[in-house]
Amino acid sequence: MTDDPPFNPALLPAGFVDRLPPEAEAEAAGVETLMRVFAAHGYDRVTPPLLEFEETLLSGSGSAVAEQTFRLMDPDTRRMMALRPDMTPQIARIAATRLPDVPRPLRLAYAGPCILMASNRGEGDRQISQAGIELIGPDRPEADAEIVAIAAECLATLQVRGVSFDLTMPSLTTALLDTGGFDGQVRGTLMRALDRKDAAAVARHGGELAPVLIRLLHAAGPARGALAELAAVDLPPAVRALSERLAATVAAIEARVPGIRLTVDPVEFRGWQYHTGVCVSVYAAGQREELGRGGRYLSNDDEPACGLTLRPDIILRAAPALPSRVRVFLPWGTPAETGAALRAGGYATVGALAPDGDARAEAVMLSCPLMVVDGQAVPVDGA
Amino acid sequence: MTVLSPAQNPVPETDSPLVLALPKGRILKAAAPLLHTAGIVPGPDFNDEKSRLLRFETNDPGVDVVRVRSFDVATFVAFGGAQIGICGADVLMEFDYPEIYAPLDLGIGGCRISIAQPRDRSGQEDNPNRLSQVRVATKYPSITRRHFAARGINASIVHLHGAMELAPVLDLSHLIVDLVDTGSTLRANGLEETHTIAHITSRLIVNRTALKTQPERITALINRFRTALAPAQTRDQQS
């Protein structure tokens, strides 16, 4: 083509953004707050690398994220490396390979960026940030509850309002379909209908299970009502065990965090596909995306584990903006100790770099509402 | 079906009204009695074709309606601009947004997505099953591609927004894939239906996150439609 527009140096690949002030700092501060809450609950931080060999990153619990993963070849070893789309498989690997002798329950925390091939919608962010915890060891409702309680505390600390946790049990749907003898293409069609809550299609393809499935489909909502509905339907023993575990987890969470807002969706099975038990998605009123997601899975070596990964980039949109530091302009020749005292008092100081020039004009230009006059910080325009 | 009263709801839900997206045209006409039975009466401007407004209050302070193109209803609901909508299953099939739940078949706007070709060409050697590639004019590129790919045929798409029937006649394409109601437009333009891809009715659709974060309000609204639907279905079964 001869009429290609000139390449704009600001253009980034789709799905990647520059984060500018003040969002960049707000995100870093948000991650710091999350990590502080995690650490206060005894979760030790680990930092896995961005790139791993495909074989390790995408084996075990990682195989479910393989199709979301960018790969590149290591020019040195000619082996394929994968850029992590999710940190949980890395933590599972660390727990199994580097920390197998550390007594369980093992509590680990992590934060960092991840890269996805494409977001779920085919557009949107391809670089996301994650901050999360994994609790490796006990397979108990109380462990599930600890994860949710800590996430709730994190969001309360960041003053996110209207937080709710949606609990699901993906294995319940698959177990129910197993007992119904669904397989092959019919199963695929039915799973898809359930995923889209398409009651008409469930009725068409669900056979004898259709009445139960439709009833469970409509039961999604506040935890109490959904569990009552789940308790009332006739379920085979294997499926009943799963629904009782879900109820036990809800009870454990409510016991630990009174007043928490829980919803239950009995036939939801969406998410990272590696989860094997109770799963949780975090929402906030008025937010269009999930703030985080987690659940129970089998770590490498089939060790039970559960975890929850928050998305600081999304939480940032839901959390009120934190007050930023007030900027004070230091005219040329301001004593160093004056600046140090202001910084110690929580101000950000912006120093003049040259003796000449109008200090007041420069303060305004550099967005400083205050400047130092005679050793005191005074308003730039009011003085 | 359990609907909890607001008193059991520990967090006050957002006060802003729910937005119901309605498609202009054919489906809206069919949906009007249903909306009426469900007790949703849009403001007087809504039925005024000349009105430039796009968003309307209703008799229910908790529900506003917006009037958009039928293809855009799914997009508005998928991205959360509207929490709930009425949308043809053809549009849902085409966009296949994972963010949309389709909990209720409204049974209105019935028609089908079909393949059609010029009448004089039927039974000839260009039976599409013998081809490895076929040119199709359609406003449903995804549905068309999927349908032919499942049969081992690459569909090269001529993406049109209307007057599909002209495409084979003017040699833009071999076939068309289009919404067919009575088939009279096809016949008038010398085409005939050769295969039905899917039967279509309109669905009540819901944004996934909205259902998760405001289950009480959304479920209550879905139930109003379900109840409005119930007598009609009983009537159909009796007749």
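These values consider heavy atoms only, across backbone and side chains, with no hydrogens, waters or symmetry-generated copies. Sequence lines set the chain letters: A, B, ... in the order given, protein chains first and strands last, and positions in each chain run from 1.
The number of heavy-atom neighbours closer than 6.0 Å to CZ of B:F76, taken from other residues, nucleotides and ligands shown, is 12 or below. Crowding of A:D234 atom CG: a count of heavy atoms from other residues, nucleotides or ligands under 6.0 Å not exceeding 12. Enclosure of atom CD in B:Q133 by more than 12 non-hydrogen atoms of other residues, nucleotides or ligands within 6.0 angstrom is indicated. Around CD of B:E57, the count of heavy atoms belonging to other residues, nucleotides or ligands within 6.0 Å does not exceed 12.
Within the 4.5 angstrom heavy-atom criterion, only backbone atoms of A:A284 (N, CA, C, O) approach chain B. Heavy atoms closer than 4.5 Å to chain B are found in the side chain of A:E290, but not in its backbone. Heavy atoms of B:L211 lying under 4.5 Å from chain A belong exclusively to its side chain. At a 4.5 Å heavy-atom cutoff, the contact between A:D198 and chain B is made by backbone and side-chain atoms alike.
A salt bridge links B:D96 with A:R192: at least one charged nitrogen is closer than 4.0 Å to a carboxylate oxygen.
For the pair A:H218/B:I222, no side-chain contact is recorded, criterion being any heavy-atom separation below 4.5 Å from C-beta on. A heavy-atom distance below 4.5 Å is not found between the side chains of B:I205 and A:K197. For the pair A:P222 and B:E216, the minimum side-chain heavy-atom distance is below 4.5 Å. Put simply, the side chain of A:R288 does not reach to within 4.5 Å of the side chain of B:N207, judged on heavy atoms. Put simply, the side chain of A:R196 reaches to within 4.5 Å of the side chain of B:P98, judged on heavy atoms. Between B:K212 and A:E268, the closest side-chain pair of non-hydrogen atoms falls below 4.5 Å.
Taking every heavy atom of both residues into account, B:T213 and A:Y283 meet most closely at CG2-CB, 3.3 Å. Of all heavy-atom pairs spanning B:Y101 and A:D265, the tightest one is OH-OD2, 4.2 Å.
Highest contact tally toward chain A, considering only B:I100, B:V206, B:T209, is held by B:T209 [criterion: heavy-atom pairs under 4.5 Å].
Within the model, atoms CD of B:Q214 and OG of A:S164 stand 10.0 Å from one another, a figure rounded to the nearest 0.5 Å.
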